[in-house]
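For ligands, and for the atoms within them, numbers begin at 1 and follow the listed sequence.
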Amino acid sequence: MKITGAKVFVGGPGKNYVTIKIMTDAGIYGLGDATLNNRETLPAAYLTDYLIPNLIGKDPRRSEDIWQFFYRGAYFRGGPIAMAAIGAIDMALWDIKGKLAGLPLYELFGGKSREGAVVYAHATGADLSDLMDSVARYVDQGYKAVRVQCGIPGMPTAGYAVPETSGGAGDFITDFSGITPKTEIWDTDRYMRYMPGALMEIRERFGHELKILHDVHHRLLPREAAAFAKEVEPARLYWLEDPTPAEDQDALRLIRQHSTTPIAIGEVFNSMWDCNKLIENELIDFIRVAVTYAGGITPVKRIVNLAGFHHVRTGFHGAPSHSPISMAAQHHLNAWAPNFGIQEYLVLGTPACDALFPSEHVMQDGMMYVSEAPGLGVDFDEGEAEKYEFTAGSHPIVRLQDGTLWNY
Ligand code: GCO
Ligand code: MG
């Protein structure tokens, strides 16, 4: 069996997705997602210029050797661009494997460990009252878990992932449009004074059954993060995400020494080597890697297995940056992983997105039910894809009030 060709598409409804379709001489094709938020043309070029020319003629069933060929063989290893590109190929090869076997991917991993996987939604508000309304809307829809982000009174701009003005009644997605980044102003002291009380009010209003998550988005120093994690303990968070940038991994010890609040980290990691020490030293509770940026199903399965030995559960990244293809790969891993925790999930189910990526995965009452179709269980409509083209975007940048550049 041989790979006969591969095509890359960039674009999508309101969001650039990078999609690869790998064709074989058996008439079966596989799909992969290489979307790297706001840098989408780069993994597309890595695929087109370097990886695809080396794929043609290879046996698609040898997904392990192909992964090693692209990872070890490149000499310069890792990084989000290369790993998103390798990850997309790996997903597509697993998709082909499942279709050849006539089985949904979770069966190839070891079968189902659960019927449905709990997902969490993003609730946001320019102020606490709006945030409460947003949480209530998700609870009414049956969600069992929500991530809560709220505007901080007196902060010059609203804060991470929250609308600037009150009264919003729908899902809020950060505006990444334009090549020139927007600027947010951040005030750590105001955040640290306000947010613990807000989290406690949310807990009091919604009771103990709701899983409440909060994303600090890398904005605290390790000592501040330790103090914050300790102070929010009464709110009994399901997790506190990215309390401090995880580049300095030893710094995570400080949080552990001061608090039992569960810590979730990893959405910017690209390899096992970015997270093995955090896992082995049991400094985190949830590993947040994405199947895309972490290089595909092949390495992520290894990360999940290592995590399982150290009481670390999964909480794969599922921001709107991921197409339904990599989300499908995660749905299959979530159905299997014995140490599954939760899945981030944003409702992007617009008719346009569903038309581009027809899928049989079902989200109901805050639970994801994996498709029984062979392979990934998601398709890609090339005719629909012709409607879209690439539009450049950028993550906002963050500055402190005196102008110092900070972490988005
Ligand atoms: C999350 C993430 C995202 C990122 C975004 C960056 O937890 O969902 O922090 O919201 O900000 O994906 O591209
Ligand atoms: Mg995050």
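- Side-chain contact between Lys182 and Phe176: absent, with no pair of heavy atoms (C-beta onward) separated by less than 4.5 Å.
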* Asked: Between Tyr29 and Phe380, does a ring pair (Phe, Tyr, Trp, His ring centres under 6.0 Å) hold up when you go through it step by step?
  -> CA-CA 11 Å; Tyr29 60 86; Phe380 179 68; 9.4 Å; no
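- Coordination check, Asp242 versus the Mg ion (ligand 2): failed, since every N/O/S atom of the residue sits at 2.8 Å or beyond.
- Short contacts between ligand 1 and His317, defined as distances under 4.0 Å to a heavy atom of the residue, involve ligand atoms 1 (C), 2 (C), 3 (C), 8 (O), 12 (O).
- Heavy-atom proximity to His217, at under 4.0 Å, picks out these atoms of ligand 1: 2 (C), 4 (C), 9 (O), 11 (O).
- Counting heavy atoms under 4.0 Å from ligand 1, residue Tyr160 touches it through the side chain alone.
- The Mg ion (ligand 2) has no N, O or S atom of Glu344 inside 2.8 Å of it.
- The atoms of ligand 1 that sit less than 4.0 Å from any heavy atom of Arg288 are 1 (C), 7 (O).
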* To do: Assess whether ring pair (Phe, Tyr, Trp, His ring centres under 6.0 Å) is satisfied between Phe9 and Tyr388, documenting all intermediate values.
  => CA-CA 9 Å; Phe9 305 82; Tyr388 305 108; over 10 Å; no
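- Using a 4.5 Å heavy-atom cutoff, the side chains of Trp186 and Leu400 are in contact.
- Annotation for Ile179: atom CD1 does not count as buried by contact number, only 12 or fewer foreign heavy atoms lying within 6.0 Å.
- The protein atom (non-hydrogen) at minimum distance from atom 7 (O) of ligand 1 is Glu241 OE2, 2.8 Å.
- Side-chain contact check for Trp406 and Thr404: no donor-acceptor pair (N or O, by modelled atom type) lies under 3.5 Å.
- The N/O atoms of Asp215, backbone and side chain alike, include one that comes under 3.5 Å of an N/O atom in ligand 1.
- Centred on the Mg ion (ligand 2), the angle running from Glu267 (OE1) to Asp215 (OD2) is recorded as 180°, rounding to 10°.
- Nearest residue to atom 2 (C) of ligand 1 from Glu267, Gln149, Glu344, His395 is Glu267 (criterion: closest heavy atom).
- What sits closest to atom 5 (C) of ligand 1 on the protein, heavy atoms only, is Asn37 ND2, 4.2 Å.
- Taking 4.0 Å as the cut-off, Ala161 does not count as a neighbour of ligand 1 on heavy-atom distance.
- With a 4.5 Å cut-off on side-chain heavy atoms, Val304 and Leu333 do not count as touching.
- Between Tyr369 and Glu360, the side chains place no donor N or O within less than 3.5 Å of an acceptor N or O (distance only, hydrogens not considered).
- In the vicinity of Arg147, heavy-atom distances shorter than 4.0 Å reach the ligand 1 atoms 1 (C), 7 (O), 8 (O).
- Every atom of ligand 1 with a heavy atom of Ser321 under 4.0 Å away is listed here by number and element: 12 (O).
- With sequence neighbours excluded, no residue forms a salt bridge (Lys or Arg N to Asp or Glu O under 4.0 Å) with Glu282.
- Each of Phe357, Phe316, Tyr293 was checked for a ring-ring contact (aromatic ring centres under 6.0 Å, His included) with His322, and the lone residue meeting it is Tyr293.
- The N, O or S atom of Glu241 lying closest to the Mg ion (ligand 2) is OE2.
- Counted by atom type alone, Glu344 and His122 present one or more donor-acceptor pairs between their side chains at under 3.5 Å.
- Using a 4.0 Å cut-off to heavy atoms of His122, the atoms of ligand 1 that qualify are 8 (O).
- Short contacts between ligand 1 and Ala319, defined as distances under 4.0 Å to a heavy atom of the residue, involve ligand atoms 3 (C), 8 (O), 12 (O).
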